[in-house]
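Keep in mind the model is a prediction, meaning the values are calculated, not measured. Letters go in sequence order (proteins before strands), and every chain restarts at 1.
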Amino acid sequence: MTPEELSATIRACIEDAIEAGALDLEPSDIGDIRVERPRQRDHGDWSTNAAMQLAKAAHVSPRDFATTLASRLSNAVGIDSAEIAGPGFINIRLAADAAGELARGIVEFGDDFGRGESLTGTTVNIEFVSANPTGPIHLGGTRWAAVGDSLARLLEFHGADVVREYYFNDHGAQIDRFAASLLAVVTGEDPPEGGYGGAYIQDIANEVMVEAIAARDRDPLELPRDAALEFFRSRGVALMFEQIKRSLHDFGVDFDVYFHEDSLHHSGAVTKAVDQLKASGALYLHDGAWWLKSTDYGDDKDRVVIKSDGTPAYIAADLAYFKDKRHRGADLCIYLLGADHHGYIARLKAAASAFGDDAETVEVKIGQLVNLVKEGQPVRMSKRAGNVVTMEDLVDVVGVDAARYALTRSSADSAIDIDLDLLASHSNANPVFYVQYAHARSAGVARNAAEYGIKREDGFQPSLLTHETEAALLGILGEFPRVVTQAVSFREQHRVARYLEDVATAYHAWYDRTRVTPQGEEPVSDVHRTRLWLNDAAGQVLRNGLRLLGVGAPERM
RNA sequence: GCCCCCGUAGCUCAGCUGGAUAGAGCGUCGGACUUCUAAUCCGCAGGUCGCAGGUUCGAAUCCUGCCGGGGGCACCA
């Protein structure tokens with residue numbers, strides 16, 4: 001029996017009581033019946049606070065309500081006992097066979113166990129990373145890559161048609177400085193004010209030169225300065241972008257759309273979008289500039305879209321970009337941004353509104369920053385100091401799985417510290433191995449069972465799953481769909497990771513006390529077969545959860 | 001000054017949108033491998049949930065105000 005089924009059973013009991021006149025309540029008054037796992041195991045398998053929530057509406061005390069409900073509940077199918085505790089909790093113990101039935105259900109649902117439908121029929125555009133192509137992806141971008149991809153997987157698991165999108169800021173002053181930095185390093189000049197100076201600049205510049213020679217272009221250094229800059233800009237950005245794409249791919253993150261900001265300017269989309277908004281009155285003219293009324297969405301001041309010199313501000317491209325996303329079919333546009341961009345929320349929502357869309361079409365998720373820590377002390381990353389930690393550095397130290405897990409197991413709301421030395425020396429500090437090991441163990445158990453000739457299809461007697469660790473494991477496995485649902489609706493992937501750690505704990509404890517394969521001369525019986533169902537169900541849940549995080553589920557470790 | 005996030009065990013963090021005696025990992029200490037992988041399990045120790053009010057049967061969770069830490073407040077991109 002799953003928590004959802006139990007919840008439905010409780011509802012049915014309440015409706016019965018109403019019909020019999022035992023409760024003065026309207027069926028429509030019954031809201032969500034929530035069941036939860038009591039922290040204290042001896043309180044039972046599940047508990048509900050329904051009596052406390054509904055007592056007021058039924059004009060009785062919580063305990064009286066609970067008495068009425070518990071007596072009906074204890075006679076319901078699949079329920080062993082229902083007892084009242086405290087101010088009106090009802091502690092429920094499932095009949096062993098009803099609880100054990102879940103193991104078969106999970107195995108039969110397989111990769112689909114936990115899947116939901118809450119987003120079926122909606123197209124969601126989720127934009128993340130979107131780092132400027134002026135350097136490799138650093139630690140912060142790596143966090144959003146891991147989190148964004150995991151959220152995308154979660155949304156897909158609930159039926160959404162997801163577009164993973166990377167917005168490539170290849171237009172503007174920072175790119176100009178990038179180009180100038182490349183040129184400077186080749187000519188031996190000093191890098192420009194606010195330019196870039198890492199070792200990668202040298203590498204990219206060398207590659208540009210090698211390409212030029214290989215393609216028998218004119219020596220870019222013989223071009224007029226403007227042409228040389230443009231040459232280094234276009235080739236340099238292309239090379240940088242290829243490098244970023246490769247890093248992301250190696251990290252297991254591939255985007256459906258890599259969108260170039262430059263294309264919005266070249267295609268005239270920016271002008272077109274701005275003209276549309278001017279015509280519709282969404283922009284207003286003030287001091288020679290065109291403004292967007294972002295204060296309507298909590299901004300502290302309105303934002304300039306077209307500067308008084310007639311050139312578009314950065315936000316102009318954002319407007320055109322949003323329009324483009326919607327035009328491509330997105331019902332919901334999610335933006336994953338770092339905490340240093342929280343001021344964008346209001347203007348992005350204002351952008352949606354300017355086009356006549358509901359501001360809810362835009363959802364901005366702000367994630368806190370990643371700090372680099374060395375020997376317990378925070379280290380300021382700076383490109384000048386050359387101590388910037390990149391996605392590749394992190395992966396080199398811990399590997400993709402451990403890196404992704406470390407970055408997704410925390411709430412995006414809290415800043416995280418990364419200590420490379422710590423991760424490198426005590427890699428056990430990363431719970432990913434704990435979870436992966438549980439999965440590998442379950443795979444090993446399944447292999448051994450096969451050798452003993454234990455086959456699931458030869459028998460399943462759920463009432464044989466009587467050990468306390470089996471009840472505990474079943475209870476946790478049954479929560480997976482609800483954990484996924486919450487992770488989806490709150491856009492919080494870390495709930496899945498924390499849940500998996502609980503599953504691993506329950507699995508390891510179960511493994512330690514029971515056996516799937518017979519010992520000595522003991523013959524294979526239904527106990528072994530039934531435990532194999534449970535073993536495989538646990539492996540399935542671990543696999544499904546790890547998949548949602550983009551972390552591998554190894555068969556052996 | 002205004003806005004966003006955080007403050008829970010020595011450290012890093014959860015806490016299922018208000019429930020029962022606040023949890024996990026790491027670290028400390030002590031146990032468990034001739035039988036499915038000890039990357040594991042079992043136990044001990046460790047807490048004014050930043051502070052003060054409020055809301056109600058009930059608050060780490062919701063509201064208000066302080067304190068502390070991080071980030072942001074351009075006709076830059």
Margin query: Walk me through whether A/Y499 and A/V484 qualify under side chain to side chain contact (heavy atoms under 4.5 Å, CB included).
Written below: CA-CA 10 Å; A/Y499 166 77; A/V484 170; over 6 Å; no
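- Taking atom P on both B/C6 and B/G50, the two are 12 Å apart, rounded to the nearest angstrom.
- Where A/A438 and A/R37 each meet RNA chain B at their nearest nucleotide, the meeting point lying more 5' is that of A/R37.
- With hydrogens and angles left out, the side chain of A/H342 and the base of B/G72 share no donor-acceptor pair within 3.5 Å.
- Rounding to the nearest 0.5 Å places CG of A/D296 at 7.5 Å from CG of A/D302.
- Nucleotide B/U35 is shown with an anti base, its glycosidic torsion being more than 90° from 0.
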Margin query: If you apply the rule salt bridge (charged side-chain N to carboxylate O under 4.0 Å, His left out), what do you find for A/R456 with A/D536, and how did you get there?
Written below: CA-CA 9 Å; A/R456 288 197 307 244; A/D536 292 354; 2.6 Å; yes
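- Contact check of residues 294-309 of chain A against RNA chain B (heavy atom, cut-off under 4.0 Å) returns A/D300, A/K301, A/R303, A/V304, A/K307, A/S308.
- When the side-chain nitrogen and oxygen atoms of A/Y511 are compared with OP1 and OP2 of B/A38, one or more of them lie within a distance under 4.0 Å.
- Taking atom P in both B/G27 and B/U64, the straight-line distance is 41 Å, to the nearest Å.
- Taking only side-chain nitrogens and oxygens, A/S414 comes nearer than 4.0 Å to OP1 or OP2 of B/A14.
- RNA chain B lies under 4.0 Å from no heavy atom of any residue of residues 537-545 of chain A.
- Among the nucleotides B/C13, B/C75, B/A14, the one closest to the side chain of A/W291 is B/C75.
- Rounded to an integer number of Å, the gap from CG of A/D512 to C1' of B/G43 is 13 Å.
- As judged by a 4.0 angstrom heavy-atom cut-off over every strand, A/H171 is placed among residues touching the sugar-phosphate backbone only.
- If you check every strand for non-hydrogen atoms under 4.0 Å, A/R347 touches a base.
- For A/A509 and A/Q368, each mapped to the nucleotide of RNA chain B holding its nearest heavy atom, the one lying further toward the 5' end belongs to A/Q368.
- Per the geometry, CH2 belonging to A/W144 stands 11 Å off C1' belonging to B/C5, to the nearest Å.
- Side-chain atoms of A/S130 come within 3.5 Å of backbone atoms of A/Y167 as a donor-acceptor pair (strictly under, hydrogens ignored).
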Output a table of nitrogen or oxygen pairs between the protein and nucleotides 17-20 of chain B separated by less than 3.5 Å.
| from | atom 1 | to | atom 2 | distance (Å) |
| --- | --- | --- | --- | --- |
| B/U17 | OP1 | A/R34 | NH2 | 2.7 |
| B/U17 | OP2 | A/R34 | NE | 3.3 |
| B/U17 | OP2 | A/R34 | NH1 | 3.4 |
| B/U17 | OP2 | A/R34 | NH2 | 2.2 |
| B/G19 | N7 | A/N49 | ND2 | 3.2 |
| B/A20 | OP1 | A/R39 | NH2 | 3.4 |
| B/A20 | OP2 | A/R39 | NH2 | 2.2 |
| B/A20 | N6 | A/S47 | OG | 2.9 |
| B/A20 | N6 | A/N91 | OD1 | 2.7 |
| B/A20 | N1 | A/N91 | OD1 | 3.0 |
| B/A20 | N1 | A/N91 | ND2 | 3.2 |

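- Contact annotation: A/Y499 side-chain N/O to B/G23 OP1/OP2 distance is not under 4.0 Å.
- A/Y405 does not carry A/R409 over the face of its six-membered ring by the limits of under 6.0 Å from the centre and within 45° of the normal.
- A/H171 and A/H265 have parallel rings, their planes meeting at less than 30° on a 0 to 90° scale where 60° marks the start of perpendicular.
- A/N371 comes within 4.0 angstrom of no nucleic acid atom, judged by non-hydrogen atoms across all strands.
- Look at the C1' atom in both B/C62 and B/A24: the space between them is 26 Å, to the nearest Å.
- A donor-acceptor pair under 3.5 Å links the side-chain atoms of A/R143 to the main chain of A/Q368, judged by distance alone.
- Within 6.0 Å of NZ on A/K455 lie no more than 12 heavy atoms contributed by other residues, nucleotides or ligands.
- Look at A/R177 and A/E193 and you find no salt bridge, because none of the NZ, NE, NH1 or NH2 atoms lies under 4.0 Å from a carboxylate O.
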Item checked: Watson-Crick or G-U pairs under 3.5 Å in RNA chain B, rendered as dot-bracket with [ ] for crossing pairs and | for another strand -> (((((((..((((.....[...))))..((((.......))))......(((((..]....))))))))))))....
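- Rounding to the nearest 0.5 Å gives a distance of 9.0 Å between CG of A/L348 and CG of A/L319.
- Separating the P atom of B/G47 from that of B/G23 is a span of 14 Å, rounded to the nearest Å.
- Residue A/T517 is classed as a base contact, given a heavy-atom separation below 4.0 Å to a base.
- Using bins of under 30°, 30° to 60° and over 60° for the plane-to-plane angle, the ring pair A/W533/A/F460 lands in the tilted bin.
- Remark: A/R303 fails to qualify as a cation-pi partner of A/W291 under the 6.0 Å distance and 45° angle criteria applied to the six-membered ring.
- Whole-Å rounding puts the A/R409 CZ to B/G15 C1' distance at 13 Å.
- Nucleic acid contact class of A/A173 (heavy atoms, under 4.0 Å, all strands): sugar-phosphate only.
- Judged by distance alone, with hydrogens and angles left aside, the side-chain atoms of A/H439 form a donor-acceptor pair with the main-chain N or O of A/P554 at under 3.5 Å.
- With P as the reference atom, B/U8 and B/C51 are 10 Å apart, rounded to whole Å.
- For A/Y511, there are no ring pair (Phe, Tyr, Trp, His ring centres under 6.0 Å) partners at least two apart in sequence or on another chain.
- Note on A/R441: a side-chain N or O is less than 4.0 Å away from OP1 or OP2 of B/A38.
- Taking side-chain N and O atoms only, A/H286 has no distance below 4.0 Å to OP1 or OP2 of B/C75.
- As rounded to whole Å, 9 Å separates atom C1' of B/C41 from atom OH of A/Y434.
- Side chain of A/T48 to main chain of A/R34: a donor-acceptor pair is present (N/O by atom type, distance under 3.5 Å, no hydrogens or angles).
- Checked by atom type and distance alone, the side chain of A/E470 pairs as donor or acceptor with a backbone atom of A/H467 at under 3.5 Å.
- In this structure a side-chain-to-backbone donor-acceptor pair under 3.5 Å is missing from A/D417 to A/V373.
- Between B/C57 and B/G65, the two P atoms lie 25 Å apart (nearest whole Å).
- At a threshold of 4.0 angstrom between heavy atoms, the contacts of A/I366 with the nucleic acid are absent.
- Annotation: B/G19 and B/U61 have their C1' atoms spaced 11 Å apart (nearest Å).
- B/C66 adopts an anti glycosidic conformation, its chi angle falling more than 90° from 0.
- Spacing of P atoms, B/C44 relative to B/U35, comes out at 27 Å, to the nearest Å.
- When the shell of 6.0 Å around CD of A/E4 is examined, it contains more than 12 heavy atoms from other residues, nucleotides or ligands.
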Short heteroatom pairs, N/O only, protein and nucleotides 8-11 of chain B, under 3.5 Å:
none

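- Closest approach to the A/R498 side chain among B/G15, B/A77, B/C13 is made by B/C13 (side chain taken as heavy atoms from C-beta onward).
- Between atom CD of residue A/E230 and atom CZ of residue A/R233 there is a gap of 4.0 Å, rounded to the nearest 0.5 Å.
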